[in-house]
Amino acid sequence: ETAQRARGGKVDACARSICRFTKLLSPGGRPTLYFLDSLLPHVPYVYLPSGRRYAVDARLLRGIDNGRWLEAWPALQGQQRYLLQTGYTDAALGILMRRLRETGLYDRALVIVTADHGVGFRLGDQRRLPTPTNLDEIAFVPLFVKLPGQQRGRTVDGLAKTIDIVPTIARVLGVPLDWRVDGRPLVGSHPPKDGTVSVMKQNGSVVSERLSVLRERRARAARDQVAVFGTGSLSKVYAIGPH
């Protein structure tokens, strides 16, 4: 998708159908379901937080074999490229939010942002497939739910699953479900503080662990990431390595 110039001459985060999708948002007519699968920050990692693209082709990640990281530097650089593209993803989400507000849809809309899986960068472990040692990286995904008319945000630190999204939409919008769903609405209830987190593999097997255990492991992983890449400005992400 062709890049667009935003305010101040910056490059808008239009790639992977972001700007094409925003043009569909319209304040008139009947209530509408808008759905976008943007594949951000999914591989290939080719975008900088600024919106600029530093690779034309879908470059493969180095130092990896059958999904397993075999070399330390490529794994670290892969995480760097992922973080930079996550910055770009944040900019793309900002474009969507801006368009929702411009059209007057934001306040009265139910807005849900999530992802389907995480990604791992530990040496010797899988990048994508869940294992007992990378579940704290693979199983956690962002889940933002903005209710119609909601004015103030809050963090709910409980066990939620992707299968809870459809029943949440139905509950909030008053849409009857004519079929059985496995999930439960995230509104009108308190998600459990602990429970079993499970991620299914391609062969149908399941990797599971307690949420409390994964929280502790995730906190350690976050500290390790901060030690390498820092916090605050994404400019610090460029500072790894000898050059």
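Since the model is a prediction, treat every value here as computed from it, not as a measurement.
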What is the minimum heavy-atom distance between [X] and [Y], and which atoms define it?
X: Leu123; Y: Ala72; result: CD1-N, 3.6 Å
X: Ala91; Y: Pro49; result: CB-O, 4.2 Å
X: Phe21; Y: Phe35; result: CE1-O, 3.6 Å
X: Pro130; Y: Val207; result: O-CG2, 3.6 Å
X: Ser198; Y: Val206; result: CB-CG1, 3.5 Å
X: Thr231; Y: Lys236; result: O-NZ, 2.8 Å

Legend entry - Asp157: partners by side chain to side chain donor-acceptor pair (under 3.5 Å), with sequence neighbours left out: Arg215

[Y] and [X], any side-chain heavy atoms less than 4.5 Å apart:
X: Ile18; Y: Leu40; result: yes
X: Phe229; Y: Leu76; result: yes
X: Phe144; Y: Val111; result: no
X: Ile163; Y: Val181; result: no
X: Leu84; Y: Tyr45; result: no
X: Tyr82; Y: Pro41; result: yes
X: Leu48; Y: Tyr238; result: yes
X: Leu211; Y: Phe140; result: yes

Look at the side-chain heavy atoms of Ile, Leu, Val, Met, Phe, Trp and Tyr, link any pair under 4.5 Å apart, and say whether [X] and [Y] land in one connected group.
X: Leu129; Y: Met200; answer: no
X: Val46; Y: Leu39; answer: no
X: Val119; Y: Leu135; answer: no
X: Tyr106; Y: Val113; answer: yes

Look at the side chain of [X] and the backbone N and O of [Y], then say whether any donor-acceptor pair between them is shorter than 3.5 Å.
X: Gln80; Y: Val237; answer: yes
X: Thr196; Y: Glu209; answer: no
X: Trp69; Y: Gly120; answer: yes
X: Asp164; Y: Arg184; answer: yes
X: Arg16; Y: His42; answer: yes

Legend entry - Test log, rule side-chain contact (heavy atoms from CB on, under 4.5 Å), inputs His117 and Arg128: CA-CA 8 Å; His117 60 80; Arg128 167 65 183 87; 3.1 Å; yes

Working to the nearest 0.5 Å, report the span between [atom1] of [X] and [atom2] of [Y].
X: Asp194; Y: Arg210; atom1: CG; atom2: CZ; result: 4.0 Å
X: Arg122; Y: Gln79; atom1: CZ; atom2: CD; result: 9.5 Å
X: Leu96; Y: Tyr34; atom1: CG; atom2: OH; result: 12.5 Å
X: Gln126; Y: Ile64; atom1: CD; atom2: CD1; result: 7.5 Å
X: Phe121; Y: Arg127; atom1: CZ; atom2: CZ; result: 7.0 Å
X: Cys19; Y: Ile95; atom1: SG; atom2: CD1; result: 4.5 Å

Legend entry - Side-chain cluster (under 4.5 Å, hydrophobic types only) that Leu173 belongs to, other residues: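 Leu110, Ile112, Leu143, Val145, Leu147, Ile165, Ile169, Val172, Val175, Leu186, Val187, listed by chain and number.
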
Legend entry - Residue pair Tyr54 / Arg81, side-chain donor-acceptor N/O under 3.5 Å: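 The answer is yes; a qualifying pair exists.
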
Inset, instruction - Consider only side-chain N and O atoms of Thr131 and Thr133, and report whether a donor and an acceptor are under 3.5 Å apart. - result: yes

Inset, instruction - Might you confirm whether atom NZ of Lys146 has over 12 heavy atoms from other residues, nucleotides or ligands at distances under 6.0 Å? - result: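 Yes, the 6.0 Å shell around NZ holds more than 12 heavy atoms from other groups.
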
Inset, instruction - Using the test side-chain contact (heavy atoms from CB on, under 4.5 Å), find all partners of Ser235 that sit at least two apart in sequence or belong to another chain. - result: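 With sequence neighbours excluded, Ser235 shows a side-chain contact (heavy atoms from CB on, under 4.5 Å) to Ser233, given in chain and number order.
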
Inset, instruction - Evaluate the side-chain contact (heavy atoms from CB on, under 4.5 Å) criterion for residues Asp116 and Val141: first the C-alpha distance (whole Å), next the side-chain angles of each, then the deciding distance (0.1 Å), finally the verdict. - result: CA-CA 7 Å; Asp116 55 349; Val141 297; over 6 Å; no

Inset, instruction - Would you sort out whether Arg220 and Asp136 count as a side-chain contact (heavy atoms from CB on, under 4.5 Å), showing the intermediate values? - result: CA-CA 10 Å; Arg220 290 197 299 268; Asp136 57 303; over 6 Å; no

